[in-house]
Amino acid sequence: MSVGNSTAALNIPNENTSDRYMYQPEIETLDREQLAKLQLDRLKKTLRHVYANVPHYKKSFDAAGVTPDSLETLADLAKFPFSVKADLRDNYPFGMFAVPRKQVSRVHASSGTTGKPTVVGYTKGDIDRWAQLMARSIACAGGEPGDMLHNAYGYGLFTGGLGAHYGAEKLGCTVTPMSGGNTEKQNIVLNDFGAEILCSTPSFALNLADSAEKQGIDLQSGPLRIGVFGAEPWSEAMRTELEQRLNIKAMDIYGLSEIMGPGVAVECIEGQSGLHGWEDHFLFEIIDPGTQEPLPIGETGELVITTLTKEALPMIRYRTHDITKLTTEPCVCGRTHVRILRVTGRNDDMMIIRGVNVYPSQIESVLVGFPNTAPHYQLLIRREGIMDTLDIEVEADPDLRPEQYAALAAEVKHHIKSIVGISCNIMVKEYGELPRSEGKAVRVKDLRSKQG
Ligand code: DLL
């Protein structure tokens, strides 16, 4: 690993990058052919590792008629079976681990909505590589050694808190391990400690911005300069809102516990246009979720990820259910790693309203920044006969009078119809009436099952 911050040390052709920091420049700018060679080598090792050590993979490879030797090129990966969240549940808690439990130095878990959690594990080496990737991600998002970093991702079984924490320390930041919740106290600490970077979900960052105004804390003119926001879908409209409200650059970071946690992909501060997926550690594919066939670069579909360096919990062709597309177009920052465009949502979060497919983030793009509304909303799905209906609760600006709500509702309804293409009912709420996010926001309330 080498760390450099001069153009000469980085050897990056793009002048825009001359004054900024890259954590592992020699890897981040590796030529794509060499990157593919590295991936092939690591993929072969990973396939051998899982086939020898995880009964689930032995069984599923055998059933598909493949062995690790069936892979000669990266394209051969398409012959291998997918893995899904249910595989982790079926092998609960540690059955998917590829090393003896005693070699696992940490576990995390995602709570899920029902039943048992999904458990993930890391060897000491996995933890170290994760910290490196998070350090790389924070640097890519514009963070630098010495920065004061306020970490409001939840600590505990959720990967956000500890994942960001280890990475930030590795980069050389000063970390405040706040975890989620306690909005007012967070603002006091954020302000008094002079945080320069805020790590949180975008919805919680908005909650902090709102609360700061009420507390009389001026975050706008403080040293805060970057937000590293992820763990939930968010829109460009929300980015603009957060950038203006906090006077920062708001950067998108992506990850999932099954693959590692935060730091699988992140936007670069130079481009803010798609998240660099760290291809020396992960292999990204896009598939058609219906036919399950791989799609060419540039087409929209479901993101599938294979880990290339994980020891405790390698995942082969893991179906994320996240919908996005990839691009290998050169990026202004000089990094060569593939960019994953903003994840619009999960295909299991997609709503079908009177036959039209819609993601919550599409609705968010209309609501956030809409004149006279506050950027707080909730979507309620109900069933009328065989039709699903959507009610949108959105808050009015604090200075709007209740007699103006009906006109606002009509206006929002019209815009949702013309931009997203669905008919819905708009319920304008008073400012502060809707619940505020303490971590991952709950945007959709599905009331269909309760209706019987
Ligand atoms: O949310 C890990 C994480 C922590 C990522 C902190 C970024 C920052 P899980 O709880 O397992 O892990 O949830 C993973 O959250 O499959 C996506 O559906 C969603 N998600 C995560 N990041 C983004 C993002 C963490 N930037 C699931 N945009 C993923 C959209 C995201 N969705």
Side-chain angles (χ1 to χ4, degrees), residues 83-85 88-89 107-113 117-122 130 133-134 137-138 140-141 143 149-168 178-180 197-205 226-236 238-239 242 250-267 272-278 282 284 289 302-305 307 313 315 318-325 339-350 359-362 364-365 437 439-444:
S83 49
V84 293
K85 203 180 188 82
L88 289 158
R89 295 235 170 89
V107 290
H108 280 283
S110 71
S111 52
T113 39
T118 309
V119 182
V120 299
Y122 308 78
W130 183 14
L133 283 181
M134 258 319 283
S137 298
I138 297 168
C140 185
L149 183 145
H150 181 105
N151 186 14
Y153 284 122
Y155 282 66
L157 287 179
F158 177 51
T159 53
L162 284 171
H165 185 108
Y166 273 55
M178 277 307 290
S179 199
I197 303 179
L198 167 64
C199 292
S200 74
T201 59
S203 58
F204 188 62
I226 294 165
V228 184
F229 300 141
E232 63 187 8
W234 54 306
S235 59
E236 279 306 307
M238 185 65 90
R239 189 204 304 268
L242 290 169
M251 313 297 301
D252 194 1
I253 185 164
Y254 170 83
L256 61 168
S257 25
E258 295 85 341
I259 292 302
M260 179 177 79
V264 172
V266 69
E267 283 180 323
Q272 275 191 313
S273 56
L275 297 81
H276 289 284
W278 301 125
F282 309 106
F284 302 97
E302 179 182 336
L303 182 65
V304 168
I305 309 179
T307 64
L313 184 67
M315 294 303 289
Y318 182 72
R319 291 191 59 173
T320 65
H321 290 285
D322 291 324
I323 300 298
T324 182
K325 61 180 168 187
R339 272 175 295 153
I340 301 170
L341 295 202
R342 182 186 280 288
V343 170
T344 42
R346 302 173 53 77
N347 54 14
D348 34 22
D349 282 349
M350 191 182 74
Y359 290 103
S361 62
Q362 287 173 278
E364 178 180 296
S365 359
S437 161
K440 291 198 194 224
V442 181
R443 298 294 192 196
V444 182

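Remember, it's 1-based here, ligands and their atoms both numbered in the order they're listed.
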If I take atom CE from residue Met251 and atom SG from residue Cys140, how far apart are they, to the nearest 0.5 angstrom? 7.0 Å
Ligand 1 atoms in contact with Val343 (distance to a heavy atom under 4.0 Å): 30 (C)
Out of Ala109, Ala231, Gly154, whose heavy atom is nearest to atom 20 (N) of ligand 1? Ala231
N or O contact, Thr320 vs ligand 1, cut-off under 3.5 Å: no
Should Arg339 and Ser273 be marked as a side-chain hydrogen bond (donor to acceptor under 3.5 Å, both in side chains) after you check the CA-CA gap, both sets of side-chain angles, and the distance that decides it? CA-CA 8 Å; Arg339 272 175 295 153; Ser273 56; 3.3 Å; yes
Tell me the protein heavy atom at minimum distance from atom 11 (O) of ligand 1, and give that distance in Å. Ser257 OG, 2.5 Å
I need the nearest protein heavy-atom contact for atom 25 (C) of ligand 1: residue, atom name and distance, please. Gly255 O, 3.6 Å
I'd like to know if Arg239 and Glu267 make a salt bridge, using a cut-off of under 4.0 Å between side-chain N and carboxylate O. yes
Which heavy atom of the protein is the closest neighbour of atom 28 (N) of ligand 1, given with residue, atom name and distance? Glu232 O, 3.3 Å
Residue pair Tyr122, His108: steps toward the ring-ring contact (aromatic ring centres under 6.0 Å, His included) verdict: CA-CA 9 Å; Tyr122 308 78; His108 280 283; 5.7 Å; yes
Salt-bridged, Arg346 to Glu302, with N to O below 4.0 Å? no
Does ligand 1 have an atom that lies less than 4.0 angstrom from a heavy atom of Lys440? yes
May I ask you to identify, for Thr201, whether its side chain, its backbone, both or neither come under 4.0 Å of ligand 1 on a heavy-atom basis? neither
For ligand 1, is there an N or O atom under 3.5 Å from any N or O atom of Phe229? no
Is it the case that the side chains of Ser137 and Trp278 hold a donor-acceptor pair, with the cut-off being a distance below 3.5 Å and no angle test? yes
With only distance considered, is Asp252 within less than 3.5 Å of ligand 1 through an N or O on each side? yes
Looking only at heavy atoms, is any part of Leu256 under 4.0 Å from ligand 1, and if so is it the side chain, the backbone, or both, or is it neither? both
Ignoring angles and geometry beyond distance, decide whether Asp322 reaches within less than 3.5 Å of ligand 1 through its nitrogen or oxygen atoms. yes
